[in-house]
Undergrad: 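The structure's right below; bear with me while I get my questions together.
Protein chains get the first letters and strands the later ones, always in sequence-line order, with residue 1 at the start of each.
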There are 2 protein chains.
Amino acid sequence: MQIGQLATRTETKVETIRYYERIGLLAAPPRSPSGYRQYGQDHLRQLMFVRHCRDLGFSIGEIRSLQALAHDPRQSCAEITALAEAHLSEVRSKLAGLRRLERTLGRLITSCDGRRVADCQILKELGSIGG
Amino acid sequence: MQIGQLATRTETKVETIRYYERIGLLAAPPRSPSGYRQYGQDHLRQLMFVRHCRDLGFSIGEIRSLQALAHDPRQSCAEITALAEAHLSEVRSKLAGLRRLERTLGRLITSCDGRRVADCQILKELGSIGG
DNA sequence: CTTGACTCTCTAGTCAGTATAGGCTTGACC
DNA sequence: GGTCAAGCCTATACTGACTAGAGAGTCAAG
């Protein structure tokens with residue numbers, strides 16, 4: 001399978017796949033005589049793993065850790081759970097922050113009645129007239 | 001006021017203030033004979049405005065627009081409201097994404113009972129054994 | 001007169017890609 | 001066999017919003 005097909009199948013851009021290879025997140029595949037990358041099922045699975053992790057918001061460093069942990073199947077998966085839990089609590093604190101933001105922005109918007117900038121409550125609440 | 005004091009008062013790092021000046025988000029202040037930046041109340045207000053906007057998640061481009069709009073106090077503030085509303089809907093879609101993430105991660109974590117990596121449900125759901 | 005905290009400029013690094021330039025390879029059509 | 005587009009290659013630079021470091025100058029206190 002060539003890089004383009006792998007890209008389509010995993011919904012990843014070609015450049016991103018090459019980038020993952022460059023940073024060592026995806027194993028370098030063998031090449032055709034002309035230098036084209038030739039991917040197999042293992043690469044497809046590995047890239048799917050990476051994509052799923054990224055979709056869940058794991059950083060590339062975290063994915064590296066997950067890959068390292070996965071490498072030895074006899075190890076306890078407590079560390080994996082711990083990593084996922086740490087990530088979950090990060091997600092939760094981001095959620096809390098965004099909820100606060102939503103409230104503040106909502107209040108800001110309803111506080112303004114849309115007349116002249118001079119009386120704009122939004123700008124007033126934002127601190128002062130900048131620029 | 002020197003840059004360090006401005007930094008303390010606005011809870012901004014010194015480097016960030018210099019960065020804002022460099023990109024034109026904060027007016028360049030006069031300098032002392034030895035080249036130190038000398039800030040006044042206007043700079044303080046302007047930087048507070050910027051910080052509040054950043055805290056609310058506005059991008060630097062959006063802050064530039066807000067500053068430009070604020071520049072002419074006779075203008076209607078409909079554009080400002082529109083900008084804030086666009087930002088709010090962005091925040092809401094990020095919230096929705098994070099909520100999905102929270103559910104998925106929570107499910108993933110509870111699905112695993114913490115034994116060997118070989119049987120780890122988290123890794124299984126994440127796609128396959130990478131590395 | 002020396003110490004230490006503060007300031008200056010300039011450059012490079014972060015994260016996770018994305019984009020571009022300039023050049024090969026492949027397969028289809030004529 | 002010629003030529004064209006689509007696909008692939010490397011290498012480099014760019015993004016946003018800072019952050020960090022080097023190396024040097026400035027200032028007040030002891």
Undergrad: Just how far, in rounded Å, is C1' of dA17(D) from CD1 of Ile17(B)?
TA: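 So the two atoms are 15 Å apart, to the nearest Å.
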Undergrad: Ignoring backbone atoms, establish whether Tyr36(A) has a side-chain N or O less than 4.0 Å from OP1 or OP2 of dC24(C).
TA: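 Tyr36(A) to dC24(C) OP1/OP2: no side-chain N or O under 4.0 Å.
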Undergrad: Return the 5'-most residue of the pair Gly35(B), Pro33(A) with respect to DNA chain C, ranking by each residue's nearest nucleotide.
TA: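 Nearest-nucleotide comparison on DNA chain C picks Gly35(B).
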Undergrad: For Phe58(A), which contact category applies under a 4.0 Å heavy-atom criterion: base, sugar-phosphate, or nothing?
TA: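 Phe58(A): no heavy atom of the nucleic acid under 4.0 Å.
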Undergrad: Think Ser32(A) has a side-chain N or O under 4.0 angstrom from the OP1 or OP2 of dT25(C)?
TA: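 No, Ser32(A) has no side-chain N/O under 4.0 Å of OP1/OP2 on dT25(C).
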Undergrad: Nearest to the Glu15(A) side chain among dT20(C), dA20(D), dT10(D), which nucleotide is it?
TA: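 The answer is dT20(C).
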Undergrad: Rounded to the nearest Å, what distance is computed from the CD1 atom of residue Ile3(A) to the P atom of nucleotide dC9(D)?
TA: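 Between P of dC9(D) and CD1 of Ile3(A): 5 Å.
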Undergrad: Evaluate side chain to side chain contact (heavy atoms under 4.5 Å, CB included) for Arg64(A) paired with Ile23(A), printing each intermediate quantity in order.
TA: CA-CA 10 Å; Arg64(A) 269 192 232 277; Ile23(A) 65 171; 4.1 Å; yes
Undergrad: Using whole Å, report how far CG of Leu47(A) lies from C1' of dG17(C).
TA: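 Interatomic distance, CG of Leu47(A) to C1' of dG17(C): 14 Å.
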Undergrad: Ser34(B) side chain N/O closer than 4.0 Å to the phosphate oxygens (OP1, OP2) of dC27(D)?
TA: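 Affirmative; the distance criterion is met.
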Undergrad: Would you give the length of the straight line joining atom CD1 of Ile60(B) to atom CG of Leu25(B), rounded to the nearest 0.5 angstrom?
TA: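 Answer for the CD1-CG pair, Ile60(B) versus Leu25(B), is 5.5 Å.
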Undergrad: Whole angstroms only, please: what is the CZ-P distance between Arg31(A) and dT25(C)?
TA: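 Taking atom P of dT25(C) as the reference, CZ of Arg31(A) is at 13 Å.
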Undergrad: Counting only side-chain nitrogens and oxygens, does Arg37(A) get under 4.0 Å of the OP1 or OP2 atom of dC8(D)?
TA: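 Indeed not, no polar side-chain atom of Arg37(A) lies that close.
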Undergrad: Among dT18(C), dT7(C), dT19(D), which nucleotide sits nearest the side chain of Val14(B)?
TA: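 The answer is dT7(C).
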Undergrad: Please check the phosphate of dG17(C) (OP1 and OP2 only) for any side-chain N or O of Arg54(A) closer than 4.0 Å.
TA: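 Yes, within the criterion.
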Undergrad: When hydrophobic residues are tied together by side-chain contacts of less than 4.5 Å, even through go-betweens, does Tyr36(A) share a cluster with Met1(A)?
TA: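 No; tracing contacts between hydrophobic side chains, which count when under 4.5 Å, never links both residues.
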Undergrad: Of all the heavy-atom pairs spanning Leu95(A) and Glu102(B), show the shortest one and how long it is.
TA: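 Scanning both residues completely, I find the closest heavy atoms to be CD1-OE1, 3.4 Å.
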Undergrad: From CD of Gln2(B) over to P of dA28(D), roughly how many Å is that when rounded to an integer?
TA: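 For the pair Gln2(B) CD and dA28(D) P, the rounded distance is 9 Å.
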Undergrad: In whole angstrom, what separates Met1(B)'s CE from dC6(C)'s P?
TA: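 One finds 16 Å between P of dC6(C) and CE of Met1(B), rounded.
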Undergrad: Taking His52(B) for the side chain and Phe49(B) for the main chain, is one N or O donor matched with an acceptor at less than 3.5 Å?
TA: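 Side chain of His52(B) to backbone of Phe49(B), a donor-acceptor pair under 3.5 Å: no, none is there.
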Undergrad: With a 4.0 Å limit, can you tell me whether Arg51(B) has a side-chain N or O closer than that to the phosphate oxygens OP1/OP2 of dA17(D)?
TA: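 Answer no for this pair, as no side-chain N or O of Arg51(B) is under 4.0 Å from OP1 or OP2.
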Undergrad: Please tell me if Arg18(A) has a side-chain N or O lying less than 4.0 Å from either OP1 or OP2 of dT18(C).
TA: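 So the side-chain polar atoms of Arg18(A) never come under 4.0 Å of the phosphate oxygens OP1 or OP2 of dT18(C).
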Undergrad: Using atom CD of Gln5(B) as one end and atom C1' of dA5(C) as the other, report the distance to the nearest whole Å.
TA: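 It is 15 Å, rounded to the nearest whole Å.
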Undergrad: Looking at dA20(D), I'd like to know if its phosphate oxygens (OP1 or OP2) sit under 4.0 Å from a side-chain N or O belonging to Lys13(B).
TA: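 Checking Lys13(B) against dA20(D): at least one side-chain N or O falls below 4.0 Å of OP1 or OP2.
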Undergrad: Could you grab the distance from atom OG1 of Thr110(B) to atom CD of Glu85(A), nearest 0.5 Å is fine?
TA: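 Answer for the OG1-CD pair, Thr110(B) versus Glu85(A), is 10.0 Å.
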Undergrad: Counting only side-chain nitrogens and oxygens, does Thr16(B) get under 4.0 Å of the OP1 or OP2 atom of dT19(D)?
TA: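 Indeed, a polar side-chain atom of Thr16(B) lies that close.
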Undergrad: Nearest whole angstrom, please: distance from the P of dC8(D) to the CD of Glu21(A).
TA: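 My rounded result for the distance is 14 Å.
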